[in-house]
2 protein chains.
Amino acid sequence: MAKRPADPTNGNAPAARQVPMRDFSRSLPMSLLRAREAVMRQFRPSLREHGLTEQQWRILRALAAIDGAEVTELARTAFLLGPSLSRILRDLEARNLIERKTAKADQRRSMVSISKEGVKLMASVAPSSEAIYAEITQRFGARKLAELQEMLGELELCLASAEARDEITDDA
Amino acid sequence: MAKRPADPTNGNAPAARQVPMRDFSRSLPMSLLRAREAVMRQFRPSLREHGLTEQQWRILRALAAIDGAEVTELARTAFLLGPSLSRILRDLEARNLIERKTAKADQRRSMVSISKEGVKLMASVAPSSEAIYAEITQRFGARKLAELQEMLGELELCLASAEARDEITDDA
DNA sequence: CGGAAATACTTAACATGTTAAGTGAATGCG
DNA sequence: CGCATTCACTTAACATGTTAAGTATTTCCG
């Protein structure tokens, strides 16, 4: 486990001065944050030109792939929290990029789908978006990219299972 | 590419999706986002118990390691944008966790440092934080973790250099 | 049937991300 | 010196992240 470089100012004194922890610029959360920011920085200008934020784009992509979904399902797919999604859907609906209709069987649920305008907008953004992705793939290497994504998936899974265990423990 | 022949026929058939774009749940930004979220989900409860957000914690850690820094330098270290940092510093100062003094040589700059209270708070959070990190390291594997971080760093570098090239091109 | 509990969202409140504009203090240079 | 420019922040405005509370609907169950 994480051994740190010796700290001459400290030793093992428990109560007094704090050890500088593992250089936090190399912590996992920071590495992930910086990598993601580096990637998103490539896409944001293009999205912005089309009047879309990253999250709005995620929602449209998710909707385009499934031809209608409930809000909760959409939240899971686009990896957004409910409140964020609620706001964004309100705005996207006002811009006529999506459509909603409450389900007949269950008035609580609402089905969301992309509108014709939404599809048109996607068509205008997709080429540039794909080009950027292709550029990244080429620069970083397709094989390496696949490896990276594989590891990211494993990390996610390994931590998700940690939480499942916590929940069981919590059950009082 | 990807003209989307609107296919209303498969309303509730999740099976055959004619994919206009690469399944976006496997896109690099989503992979990074989900991995990071999985990691942060482990830390947030502990930080919250101590009344700190993730960003406030980043700032304290950065300050603890360097014993005083200018705002711009701190922004780079903690990977925060100027406006976010300004707000957070205002709040941390109000809570007496940090101290500021304007530089004598240049009145525009202000030096920020962690206060005694700030150090004390860090000392109370650090053990749990380190324990969580150790748990993650153990679950995922130290070697694999190092590999992952190595790849993330390479990705960041490879995209940063892409931007450097863009800027040169823009310069005309 | 009827009320407690669960479900599917939505609102609210606060903190941060992101871009643009503002402010006051140094600098460059004619 | 004078003054436009640059610099180091800060404010502003809008969008999202995050948690808690609210609302309407449905389901569970006696």
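Chain identifiers are assigned alphabetically (A, B, ...) following the order of the sequence lines, protein sequences preceding nucleic acid strands; residue numbering begins at 1 within each chain.
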Item checked: Contact nearer the 5' end of DNA chain D, comparing A:Ala105 with A:Leu81 -> A:Leu81

Notebook entry, point to check: Going by modelled atom types, is there a donor-acceptor pair between the base of C:dC9 and the side chain of A:Arg108 at under 3.5 Å?
Noted result: no

Notebook entry, point to check: Reckon B:Glu54 touches a base, only the sugar-phosphate, or nothing at all at heavy-atom distances under 4.0 Å?
Noted result: nothing

Next item on the list: Measure the spacing between CZ of B:Arg139 and CD of A:Glu154 and express it to the nearest 0.5 Å.
Entry: 13.5 Å

Next item on the list: Determine the contact category for B:Thr53: base if any of its heavy atoms lies under 4.0 Å from a base atom, sugar-phosphate if only primed atoms, P, OP1 or OP2 are that close, otherwise nothing.
Entry: sugar-phosphate

Checklist line | Length of the CG-P vector between B:Leu89 and D:dA8, whole Å | finding: 16 Å

Notebook entry, point to check: Does the B:Ser110 side chain pair with the main chain of B:Thr102, one donor and one acceptor, at a distance under 3.5 Å?
Noted result: no

Notebook entry, point to check: Do B:Arg87 side-chain and C:dG17 base share a donor-acceptor contact under 3.5 Å?
Noted result: yes

Notebook entry, point to check: Relative to the 5' end of DNA chain C, which residue comes earlier, A:Leu33 or A:Glu70, by the nucleotide with the nearest heavy atom?
Noted result: A:Glu70

Item checked: A:Arg48 side-chain N/O to C:dG17 phosphate OP1/OP2 under 4.0 Å -> no

Checklist line | Interatomic distance, B:Gln42 CD vs D:dT18 P [rounded to whole Å] | finding: 14 Å

Check: Is there a donor-acceptor contact under 3.5 Å from the side chain of A:Arg100 to the main chain of A:Met111?
Finding: no

Next item on the list: Determine the contact category for A:Ile88: base if any of its heavy atoms lies under 4.0 Å from a base atom, sugar-phosphate if only primed atoms, P, OP1 or OP2 are that close, otherwise nothing.
Entry: sugar-phosphate

Notebook entry, point to check: To the nearest Å, how far apart are A:Leu52 CG and C:dT18 P?
Noted result: 16 Å

Check: Which nucleotide, C:dA6, D:dG17, C:dT16, lies nearest any side-chain atom of B:Gln56?
Finding: C:dT16

Check: Which distance, rounded to the nearest 0.5 Å, do you find between the CG of A:Asn96 and the NZ of A:Lys116?
Finding: 13.0 Å

Notebook entry, point to check: Quick one: is C:dT11 close enough that its OP1 or OP2 comes under 4.0 Å of any side-chain N or O from A:Ser86?
Noted result: no

Item checked: N or O in side chain of B:Gln107 less than 4.0 angstrom from D:dC7 OP1/OP2 -> no

Margin query: Output the rounded distance in Å from CG (B:Asp106) to C1' (D:dC9).
Written below: 11 Å

Item checked: Side-chain N or O of B:Thr72 closer than 4.0 Å to phosphate OP1/OP2 of D:dC9 -> yes

Next item on the list: Kindly say if A:Arg109 contacts the phosphate of C:dA8, meaning a side-chain N or O under 4.0 Å from OP1 or OP2.
Entry: yes

Notebook entry, point to check: Would one find a side-chain N or O of A:Gln55 under 4.0 angstrom from OP1 or OP2 of D:dG17?
Noted result: yes

Margin query: Whether the B:Ser31 and B:Arg34 side chains hold a donor-acceptor pair (N or O, under 3.5 Å, no angle test) is what I'd like checked.
Written below: no

Checklist line | Touch class at under 4.0 angstrom, heavy-atom based, for B:Ser84 against every strand present | finding: base

